[in-house]
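Reminder, nothing fancy here: chain letters follow the sequence lines and each chain counts from 1.
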Amino acid sequence: MADEQTKTKLNFIQQIIEDDLANCLNDGRVHTRFPPEPNGYLHIGHAKSICLNFGLATHYNGKCNLRFDDTNPTKEESEYVESIKEDVTWLGFDWEDRLYFASDYFQCLYDHALTLIKNGKAFVCDLNLEDMRHNRGTLTSPGLESPYRNRDVAENLDLFDRMRKGEFPDGSRTLRAKIDMAAANMNMRDPVMYRVLHAAHHRTGDDWCIYPMYDWAHGLEDSIEGITHSICTLEFEDHRPLYDWFLDQLGVHHPKQIEFARLELNYTVMSKRKLLELVEGGYVSGWDDPRMPTISAMRRRGYPASAIREFCARIGVAKVKGVVDIALLQHCVRDDLNKSSLRVMGVIDPLKVVIENFPQDVVEEMDAVNNPEDPSAGTRKVPFSRVLYIERGDFMEDPPRKFFRLAPGREVRLRYGYFITCTEVIKNDAGDVLELRCTYDPATRGGDSPDGRKVKGTLHWVSHTSAIDAQVRLYDHLFNVVSPLDVPEGGDFKDNLNPDSLQVLSGCKLEPSVKNAKPGDRLQFERMGYFCVDPDSTEAQLVFNRTLTLKDPWAKKQKKQG
RNA sequence: UGGGCUGUGGUGCAAUCGGUAGCACGUCUGACUCUGGAUCAGAAGGUUCCAAGUUCGAGUCUUGGCAGCCCAGCCA
């Protein structure tokens with residue numbers, strides 16, 4: 001697989017790694033990991049982390065583990081584990097035989113906790129949630145030490161053992177690290193290491209009724225796996241001293257944690273909690289609704305993995321929190337698809353055209369180029385006949401200046417077909433255009449005029465004789481504002497949902513060559529954009545998602561003028 | 001009236017030992033074209049958060065401010 005990271009200059013993480021390498025740290029080893037919690041589907045922000053961690057590993061000839069951080073059984077499910085594995089693989093990365101789970105380490109973590117207790121560095125606390133909160137103090141004032149803080153080792157050992165055996169109800173007791181209730185860093189104020197939780201775990205079932213907290217588990221997991229560089233997001237900067245403390249107390253392998261800014265994209269939200277809310281509230285059809293910023297949604301929509309990787313390489317890595325313009329992602333997708341997509345003609349909003357001087361029962365086979373960017377893609381035949389369809393938007397009865405397409409009395413080219421001239425407009429009583437009558441110039445077969453005559457417009461079209469009916473789903477931003485989370489007092493981010501983000505069109509007409517398209521296949525419908533066959537397709541009807549439109553200055557101008 | 005982190009064109013990133021700000025996306029012009037695509041050529045856009053200092057020279061160093069983000073879950 002192409003290593004996009006080699007193309008760019010060193011980012012600050014690579015600089016740190018190269019310094020470490022130069023100093024012979026970790027025997028020259030580079031070992032990273034991608035540690036998702038299986039409580040939701042992966043999104044484009046995770047793709048950044050995945051590309052970073054796996055990319056760094058391949059770049060430095062190291063390894064990258066996939067480890068599920070499943071320390072909270074109340075939120076985690078196997079469905080998420082499976083989707084995450086699928087997404088990482090689809091993105092093009094391989095954890096080989098290094099698939100791990102935090103739950104694999106529960107016993108090990110427990111034993112380490114025993115060590116801390118024996119060394120007087122951890123204690124069982126009987127404070128309830130409210131009292132503990134109260135005793136924690138505030139950002140500007142120190143906390144109060146727990147009255148249970150100085151229990152002796154034997155009692156702590158006994159109580160912790162009984163916690164594990166299930167003698168105490170949820171929330172009644174915790175195991176806490178004994179650090180410093182007056183620390184300016186809140187994370188150091190005797191943090192909870194274990195809580196009692198009588199909940200079934202997706203992998204360990206009912207084996208445990210106490211579960212380790214993230215802060216206790218995470219750094220140790222990295223240590224156990226021999227991770228050299230623990231790359232995580234900015235909000236864990238203040239947690240680093242705590243991980244350092246645990247690791248130093250235990251005297252175990254000590255990875256170096258490096259924090260970077262997570263990806264934010266405009267016109268969308270990136271929090272798993274909010275995405276879950278959209279899914280559960282039925283605002284979208286599921287985690288893979290093509291409007292979602294999830295990897296599975298992008299895959300379904302037709303974004304190539306290579307385009308996502310390229311995007312992740314281009315946005316760079318830094319500690320500055322920012323918001324990337326979704327236009328950059330779209331640019332990467334277009335750039336990728338432009339080179340790789342086979343072209344085909346499809347009319348999304350059909351308008352019937354009758355070529356009056358074209359013979360009744362003749363069907364001609366026209367030669368069409370499959371991909372002008374790639375001659376090796378070859379050509380195909382497209383049927384042309386007396387009755388065909390063009391895009392409704394390609395005709396205007398009373399066109400404005402600079403409208404290059406069809407209008408009464410005007411001549412345009414049908415791509416790979418003939419020049420046609422509109423001679424008559426047939427309307428119903430309401431004035432809606434029902435069909436167009438045209439004539440064609442037989443001398444322009446294939447789309448070139450022997451007399452050198454030029455036309456301004458070239459239209460795509462589909463022959464009525466062999467058109468395939470399809471459903472096409474058009475998408476726009478899920479939210480209609482740049483920053484969906486910016487809401488007035490009392491507002492909700494869902495108020496910013498774009499009511500027109502999905503448009504479903506049926507009766508679209510496609511050229512016969514797409515007949516055997518399979519879910520996941522990507523095509524360009526000439527002039528209309530890139531499309532991808534949706535899994536909802538049936539024998540009876542193909543369903544296409546529009547991945548993206550082509551760049552369209554005309555449409556943009558129209559939109560600007562309202 | 002705590003701690004941590006961060007401030008470079010609209011946006012995202014660059015700028016080796018301090019050497020006079022560059023790339024990409026976006027925007028706007030043209031050219032070309034059997035996709036109003038692609039491609040090509042060009043333009044606009046920056047007191048590098050502010051101030052003082054060191055220096056021949058500061059985005060880079062020093063000091064002092066200011067602003068933004070994160071932290072008070074038995075979530076991760």
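Taking atom P in both B/rG9 and B/rU47, the straight-line distance is 9 Å, to the nearest Å. If you take atom C1' in B/rA14 and the same atom in B/rC56, they sit 27 Å apart, rounded to whole Å. Separating the C1' atom of B/rA15 from that of B/rA58 is a span of 13 Å, rounded to the nearest Å. Between B/rU60 and B/rU20, the two C1' atoms lie 12 Å apart (nearest whole Å). Between the P atoms of B/rU62 and B/rA76, the separation comes to 39 Å (whole Å). Taking atom P on both B/rA44 and B/rG10, the two are 15 Å apart, rounded to the nearest angstrom. Here the separation of B/rU16 from B/rG22, taken at their P atoms, is 14 Å to the nearest Å. The gap from the P atom of B/rG46 to that of B/rA21 amounts to 14 Å, rounded to the nearest Å.
Applying the 4.0 Å criterion to OP1 and OP2 of B/rG36, one finds that A/R405 has every side-chain N and O outside that range. Side-chain N/O atoms of A/R314 include none lying less than 4.0 angstrom from OP1 or OP2 on B/rG12.
Among the protein residues, A/H239 comes within range of the nucleic acid bases, having at least one heavy atom under 4.0 Å from a base atom. Within the nucleic acid shown, A/R136 comes within 4.0 Å of sugar-phosphate atoms alone, with no base atom in reach, counting heavy atoms only. Counting any heavy atom pair closer than 4.0 Å across all strands shown, A/R133 reaches sugar-phosphate atoms only and no base atom. Across all strands shown, A/D448 has heavy atoms under 4.0 Å from base atoms, whether or not it also approaches the sugar-phosphate. Counting non-hydrogen atoms under 4.0 angstrom, A/N72 reaches the backbone sugars and phosphates but no base. If you check every strand for non-hydrogen atoms under 4.0 Å, A/S141 touches nothing. Counting non-hydrogen atoms under 4.0 angstrom, A/D69 reaches the backbone sugars and phosphates but no base. A/L263 comes within 4.0 angstrom of no nucleic acid atom, judged by non-hydrogen atoms across all strands. Residue-level contact check: A/L129 touches the bases, meaning some heavy atom is under 4.0 Å from a base atom. Among the atoms of the strands shown, base atoms are found under 4.0 Å from some heavy atom of A/Q524. Using a 4.0 Å heavy-atom cutoff across all strands shown, A/L550 reaches at least one base atom of the nucleic acid. The residue A/E373 sits close to a base: some heavy atom pair falls under 4.0 Å. Residue A/G316 is classed as having no contact, given no heavy-atom separation below 4.0 Å to the nucleic acid.
When each of B/rG12, B/rC71, B/rA38 is scored by its nearest atom to the side-chain atoms of A/N338, the top-ranked nucleotide is B/rA38. Here the side chain of A/D238 is nearest to one of B/rG73, B/rG36, B/rC70, namely B/rC70. Minimum atom distance to the side chain of A/A318 is reached by B/rC13, of the listed B/rC13, B/rG2, B/rG37.
A/K381 has a carboxylate O that lies under 4.0 Å from a charged side-chain N of A/D367, or vice versa, which qualifies the two as a salt bridge.
Counting to the nearest Å, the P atom of B/rA76 and the CG atom of A/L276 are 16 Å from each other. The CD1 atom of A/I84 sits 12 Å away from the C1' atom of B/rA76 (whole-angstrom rounding). Between A/K9 atom NZ and B/rG12 atom P there is a gap of 17 Å when expressed in whole angstrom units. Atoms CZ (A/R334) and P (B/rA24) sit 18 Å apart, rounded to a whole Å.
Taken together, the paired segments of RNA chain B that extend over three or more consecutive Watson-Crick or G-U pairs, each closer than 3.5 Å at both contacts, are B:2-7 with B:66-71, B:10-13 with B:22-25, B:27-31 with B:39-43, B:49-53 with B:61-65.
Taking NZ of A/K272 as the start and OG1 of A/T294 as the end, the distance is 12.0 Å to the nearest 0.5 Å. In this structure, CG on A/N72 lies 9.5 Å from OH on A/Y211, to the nearest 0.5 angstrom.
Ring pair A/H477/A/Y267 is parallel by interplanar angle, where below 30° counts as parallel and above 60° as perpendicular. The aromatic rings of A/F479 and A/F493 sit tilted relative to each other, their planes meeting at an angle between 30° and 60°.
Contact check for A/P484 versus A/T268: no side-chain heavy atoms found under the 4.5 Å cut-off.
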Which atom pairs link the protein and nucleotides 6-10 of chain B when you take only N or O atoms and keep those under 3.5 Å?
none

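Here A/W554 and A/F404 keep their ring centres 6.0 angstrom or further from each other. Between A/F68 and A/Y100, the ring center distance fails the sub-6.0 Å criterion.
Partner A/D222 forms a salt bridge (charged side-chain N to carboxylate O under 4.0 Å, His left out) with one of A/R33, A/R240, A/K256 and no other, that one being A/R33. Put simply, the residue from A/K456, A/R453, A/R405 that forms a salt bridge (charged side-chain N to carboxylate O under 4.0 Å, His left out) with A/E411 is A/R453. Exactly one residue among A/F246, A/Y194, A/F236 makes a ring pair (Phe, Tyr, Trp, His ring centres under 6.0 Å) with A/Y214. That residue is A/F236.
Panel note: side chain A/D325, backbone A/L328; no donor-acceptor pair is recorded below 3.5 Å.
Residues A/N371 and A/R173 both approach RNA chain B. Their nearest nucleotides, taken by heavy-atom distance, put A/N371 toward the 5′ side. Between A/F403 and A/D335, the residue anchored closer to the 5' end of RNA chain B is A/F403, taking for each the nucleotide with the nearest heavy atom.
Across all their heavy atoms, A/I227 and A/P255 have their closest contact at O-CB, 3.2 Å.
Within residues 186-194 of chain A, the residues that place at least one heavy atom under 4.0 Å from RNA chain B are, in residue-number order, A/M186, A/V192.
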Inset, instruction - May I have the step-by-step check of ring pair (Phe, Tyr, Trp, His ring centres under 6.0 Å) for A/F260 and A/F12, ending in yes or no? - result: CA-CA 9 Å; A/F260 72 99; A/F12 83 102; 8.0 Å; no
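With A/W208 as the aromatic partner, A/R164 meets the cation-pi criteria of under 6.0 angstrom to the ring centre and within 45 degrees of the ring axis.
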